[in-house]
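Single-structure report; data block below.
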2 protein chains.
Amino acid sequence: MKEGPDIALLGSLIGDPARANILMALLSGKALTATELAAEASVTLQTTSSHLKKLEAGGLLHRRKQGRHKYFTLADDDVGSLLESMLGFAAKKGHTRVRTGPKDPALRNARVCYNHLAGEMGVQMLDSLIRYEHIIGVDTELTLSDQGISFVELLGIDPEALKKPRRPVCKSCLDWSARRSHLAGTLGTELLNRFYSLGWAKRDEGSRIVTFTPKGSTQFQAHFPI
Amino acid sequence: MKEGPDIALLGSLIGDPARANILMALLSGKALTATELAAEASVTLQTTSSHLKKLEAGGLLHRRKQGRHKYFTLADDDVGSLLESMLGFAAKKGHTRVRTGPKDPALRNARVCYNHLAGEMGVQMLDSLIRYEHIIGVDTELTLSDQGISFVELLGIDPEALKKPRRPVCKSCLDWSARRSHLAGTLGTELLNRFYSLGWAKRDEGSRIVTFTPKGSTQFQAHFPI
DNA sequence: TTCATACTTCGATCCTAATCGAAGCATTAA
DNA sequence: TTAATGCTTCGATTAGGATCGAAGTATGAA
C-alpha cells in the first residue's frame, strides 16, 4: 500500500486553482514571466512566486533567466501530455468551469497543445498521416515511414533536424475535446511551426486558439485529406 | 484562461494522501468496503466516509450496495488509465514514496492494473500479440484481427463475450514501471481472468502483485513469445 | 424485539497552506 | 550612483479542509 510512486504530491500540485491556472496558461507553449502568470492566475506576484517554486521543485516547470526576466515553460512534453489527459478526463466527467466562453468552438477546432497542433484539425492531421502511411502506428509507438520522410521534405522540413536527444520524432497525445489522438513529438512541433512560417495559420494572442487563413485552410485540407 | 475543463478539482481529489491511498488500493480492481479502505488509508471510518463521498461525486468511484456492505470500485477504465499515467509521470519525476518495499521487483514484473495485467509481463503480452498480428495497432486504437480471434478461442475465450456496451475490446494503457503500453479493455480483463482459471497465476492477497506458477510461466512464454 | 454490524452525519478541533503586505535582492537603464 | 523594474523572502493572517469523537441511520442476525 505504501509502494510505488507518489501520486498525491502530483495531484496536490495540480489541485490548487492558482497553480492549475498557471499550468493551463503554459500549456499554450509560450514562455511566460512570473508577472504574466500572476495575472493569469489572478493572484499577487508574491503568491505566484511561491507557486512557481513548488511547481519547479515538483518537476513540472522549467525556469529560464533572460535579463531581468524569468521565463517559465512546462518542463517537458510529458507534462503537456499529462495535463491534456487530465483535461480529457475532466471534460468527460463534466468537471467544467463555470464559464465556457464563446471561444470554445474555435478552441475545439484548432488549438496549441504545448508545442503542437491539437483539436479537430490536429486529430485530422494524424489520421491523414496514418491513412496515407506517412506514419506507421503500432500502439502508442509512432514512426515516420520512408514516404513520410519524403512528405515532410516536400513541406520544407529537414528530416535530420527532427532527431533530437531525449525527444521522440512522433508521439501520440490524447486530445481532450476530440477524445482521439493527435501528433506530438518533434515532428508535431515542426509541422506547427511550418504552418506559421508558411502563413497558413496564426496564433491568437492571449489564448491557445490557432486561426487558419482561408488559403492555409485549403492547403491544409489538400495536404492532410480525410 | 477560464475556458475548458476544470483540472484543479480533479487534482485536489487525487491530491489528498488518504484519497490517493484509497484510489491506489482500488487500482487492484477488487471491490472494497469502506472499512477496508479506511484501513488502507490509515484513517478512521468517519474520515473515509467523507472522502468516499467526494470521490464518488467527482466521478472517480462507483458504489454498490450489497446487504449491509457497500462496495467501492473505480468508476470505469478511464479512472484506471488516468491513475496509471499519473503513476508513470510521478515515477519518472522521482516522486517516489519513502518506502519502496521489497515487493517492488515483483510489482514491476506482474501486477494487476484495475482489471488487467500490467508490469513487464503485461507489456510483453501486448508486444507479442502485436508482433504476431493477433492485434493490429494504429495509434491508441487497437483491434483484434481475424487470427487474433482464433487465438483467443484457443485459450478458451469466447470472442462474442468480449463485446460489451461502452467498453472497448482492446485498449492500450500506459505502464508506470515499464514506460510502455500494456493491454486493457475487455480482452485484457478476460485474459487475466483466464490466467487465474487456468491456474497459471494467482493474486497475491493484500497487494496488486500477480504471481505466476512455474507451469503458468512456461505456458505464458509459449503463448506470448517475445 | 433486541442486538450487532456497517456506515453516515454532525460538530468541534486543529493544522496546513494559500494569501498578501512589507522589505530585501538582483538586474538594467540613465 | 541613483532609480526603476522584476522577482523573492519573510512574517502574519486567514480560510479551508482533514481529522476524529459522538450520535444517528440502516440492514441483518438472533
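Protein chains get the first letters and strands the later ones, always in sequence-line order, with residue 1 at the start of each.
In this structure, Tyr71(A) atom OH and dT5(D) atom P are separated by 16 Å, rounded to whole Å. Rounded to an integer number of Å, the gap from CG of Leu55(A) to C1' of dT8(D) is 16 Å. Rounded to a whole Å, the CD atom of Glu56(B) is 13 Å from the C1' atom of dT8(C). dA29(D) atom P lies 10 Å from atom NE2 of His69(B), rounded to whole Å. Rounded to an integer number of Å, the gap from CG of Leu32(A) to P of dC7(D) is 11 Å. In this entry the distance linking NZ of Lys53(B) with C1' of dA6(C) reads 17 Å, nearest Å. One atom, CG of Leu37(B), and another, C1' of dA6(C), lie 13 Å apart when rounded to the nearest Å. Put simply, CG on Leu52(A) is 13 Å from C1' on dG6(D), counting in whole angstrom units.
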(message) Is there a side chain to side chain contact (heavy atoms under 4.5 Å, CB included) between Leu83(A) and Leu74(A)? Walk through the geometry before answering.
(response) CA-CA 10 Å; Leu83(A) 291 177; Leu74(A) 298 185; 4.2 Å; yes
- Task: Apply the test side chain to side chain contact (heavy atoms under 4.5 Å, CB included) to residues Val210(A) and Arg203(A): give CA-CA distance (whole Å), side-chain angles for both, the deciding distance (0.1 Å), then the verdict.
- Result: CA-CA 5 Å; Val210(A) 173; Arg203(A) 274 292 296 284; 4.3 Å; yes
task: Applying side chain to side chain contact (heavy atoms under 4.5 Å, CB included), run through Leu117(A) and Phe220(A) and close with a yes or a no.
output: CA-CA 12 Å; Leu117(A) 186 66; Phe220(A) 182 92; 4.1 Å; yes
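Note on Thr48(A): nothing from the nucleic acid sits closer than 4.0 angstrom, heavy atoms only.
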What's touching nucleotides 17-21 of chain C from the protein side, N or O pairs under 3.5 Å?
from, atom 1, to, atom 2, distance (Å)
dA18(C), OP1, Arg19(A), NH2, 3.0
dA18(C), OP2, Lys54(A), NZ, 2.6
dT19(C), OP2, His51(A), NE2, 2.6
dC20(C), OP2, Thr44(A), N, 3.1
dC20(C), OP2, Thr44(A), OG1, 3.1
dC20(C), OP2, Thr47(A), OG1, 3.1
dG21(C), N7, Gln46(A), NE2, 2.4

Show the distances under 3.5 angstrom between N or O atoms of the protein and N or O atoms of nucleotides 27-30 of chain C.
from, atom 1, to, atom 2, distance (Å)
dT27(C), OP1, Lys65(A), NZ, 3.2

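Side-chain N or O atoms of Thr213(B) include one that pairs as donor or acceptor with a backbone N or O of Trp200(B) at under 3.5 Å. Side-chain N or O atoms of Ser172(B) include none that pairs as donor or acceptor with a backbone N or O of Leu183(B) at under 3.5 Å. At least one donor-acceptor pair closer than 3.5 Å links the side chain of Ser12(A) to the backbone N or O of Ala8(A).
The side chain of Lys70(B) places no N or O atom within less than 4.0 Å of a non-bridging phosphate oxygen (OP1 or OP2) of dT27(D).
Helix bend of the helix from dT1(C)-dA30(D) to dA30(C)-dT1(D): the angle between its two end axes, each built from five pairs, comes to 20° after rounding to 10°.
Counting only heavy atoms from C-beta outward, the side chains of Val79(A) and Leu26(A) never approach each other to under 4.5 Å.
With sequence neighbours left out, Arg111(B) forms a salt bridge (charged side-chain N to carboxylate O under 4.0 Å, His left out) with Glu84(B), Asp175(B). Every residue meeting the side chain to side chain donor-acceptor pair (under 3.5 Å) condition with Lys93(A), not counting sequence neighbours, appears here in chain and number order: Asp76(B). With sequence neighbours left out, the salt bridge (charged side-chain N to carboxylate O under 4.0 Å, His left out) criterion links Arg194(A) to no other residue.
The pair Lys171(A)-Asp77(A) does not meet the salt-bridge criterion, since no charged nitrogen lies less than 4.0 angstrom from a carboxylate oxygen.
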